[in-house]
Amino acid sequence: MTRQVPLYQAKAEFFRMLGHPVRIRVLELLQTGPVSVRDLLSEIEIEPSNLSQQLAVLRRSGIVVSIREGSTVSYALAGGDVAELLRAARRILTELLSGQTELLAELRQADGPAGVPPDPQTLVTTPPSRPASAFRGH
């Protein structure tokens, strides 16, 4: 009797499987269509045995398929959902990094001329939503 894994655990295992930089790079390269192992090696610049291990993990998970044409082995995404997941990750990272860039710009602007820190009073831009008296006794 097999025990069903909760969905959240299956998702965690899926993301753990994606959690290697070489695997992510392979998936990025496969977004445009099948790529030969030789071309993957030249793009990623890792040892063939390491690439082989990472491709095996992706193949076992079912998100890539191998294609043999004569002596050439290529890999392709098994479906378009993986490409969409990578695009979603790019959008999320862009938003996160954009926020960090804005924060960095604010910090640099607040630093003032010649690296002189500003008056701490000028750093407060929004008043607290509740008066200080609302926090007494809590």
Side-chain angles (χ1 to χ4, degrees):
M1 180 173 161
T2 60
R3 199 173 138 203
Q4 190 168 352
V5 175
L7 181 57
Y8 63 87
Q9 186 175 342
K11 287 179 182 180
E13 290 171 12
F14 174 76
F15 282 109
R16 199 172 14 258
M17 179 271 305
L18 292 177
H20 192 285
V22 170
R23 292 182 214 144
I24 295 296
R25 185 65 183 132
V26 166
L27 295 173
E28 288 175 341
L29 293 169
L30 298 180
Q31 287 183 89
T32 57
V35 179
S36 70
V37 172
R38 180 179 60 243
D39 290 344
L40 289 172
L41 279 169
S42 69
E43 282 289 328
I44 302 174
E45 298 178 359
I46 61 170
E47 293 296 317
S49 60
N50 190 353
L51 179 62
S52 179
Q53 288 175 336
Q54 303 309 325
L55 288 169
V57 170
L58 293 171
R59 194 175 55 247
R60 280 192 305 269
S61 74
I63 63 174
V64 301
V65 294
S66 60
I67 305 162
R68 182 177 291 278
E69 293 178 14
S71 63
T72 302
V73 177
S74 297
Y75 281 82
L77 294 177
D81 289 342
V82 174
E84 179 55 35
L85 177 63
L86 293 172
R87 285 190 293 275
R90 184 179 301 260
R91 287 190 303 270
I92 292 167
L93 287 172
T94 299
E95 289 176 21
L96 292 173
L97 293 174
S98 172
Q100 290 178 1
T101 302
E102 291 170 10
L103 177 60
L104 181 60
E106 287 179 27
L107 288 171
R108 286 183 175 153
Q109 182 180 12
D111 205 19
V116 177
D119 180 353
Q121 295 295 331
T122 63
L123 293 178
V124 178
T125 57
T126 57
S129 58
R130 293 170 34 186
S133 60
F135 293 101
R136 286 191 197 126
H138 292 267

Linking I/L/V/M/F/W/Y whenever their side-chain heavy atoms sit closer than 4.5 Å, directly or via other members, would [X] and [Y] fall into one cluster?
X     : Y     : value
Val82 : Ile24 : yes
Leu27 : Leu93 : no
Phe15 : Val5  : no
Val65 : Val22 : no
Ile46 : Val73 : yes

Among residues two or more places apart or on two chains, list those pairs meeting salt bridge (charged side-chain N to carboxylate O under 4.0 Å, His left out) that have a residue in residues 64-83.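 Qualifying pairs: none.
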
What salt bridge (charged side-chain N to carboxylate O under 4.0 Å, His left out) pairs are there with at least one residue in residues 26-41, not counting sequence neighbours?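 Found Arg25-Glu28.
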
Nearest 0.5 angstrom please: [X] [atom1] to [Y] [atom2], how far?
X      : Y      : atom1 : atom2 : result
Gln31  : Leu77  : CD    : CG    : 7.0 Å
Gln9   : Gln4   : CD    : CD    : 11.0 Å
Leu103 : Arg108 : CG    : CZ    : 10.5 Å

Kindly indicate whether the side chain of [X], heavy atoms from C-beta on, has any atom under 4.5 Å from the side chain of [Y].
X     : Y     : result
Ile63 : Met17 : yes
Leu85 : Leu18 : yes
Val26 : Leu51 : yes
Arg23 : Leu55 : no

What residue pairs, at least two apart or across chains, pass side-chain hydrogen bond (donor to acceptor under 3.5 Å, both in side chains) with a residue in residues 70-79? Arg59-Tyr75

Lys/Arg N to Asp/Glu carboxylate O, Glu84 vs Arg91, below 4.0 Å: yes

Checking the side chain of Thr101 only, and the main-chain atoms of Leu97 only, is there a donor and an acceptor separated by less than 3.5 Å? yes

Leu41 and Pro48: which non-hydrogen atoms are nearest, and at how many Å?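 Between these two residues, the closest heavy atoms are CD2-CA, 3.7 Å.
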
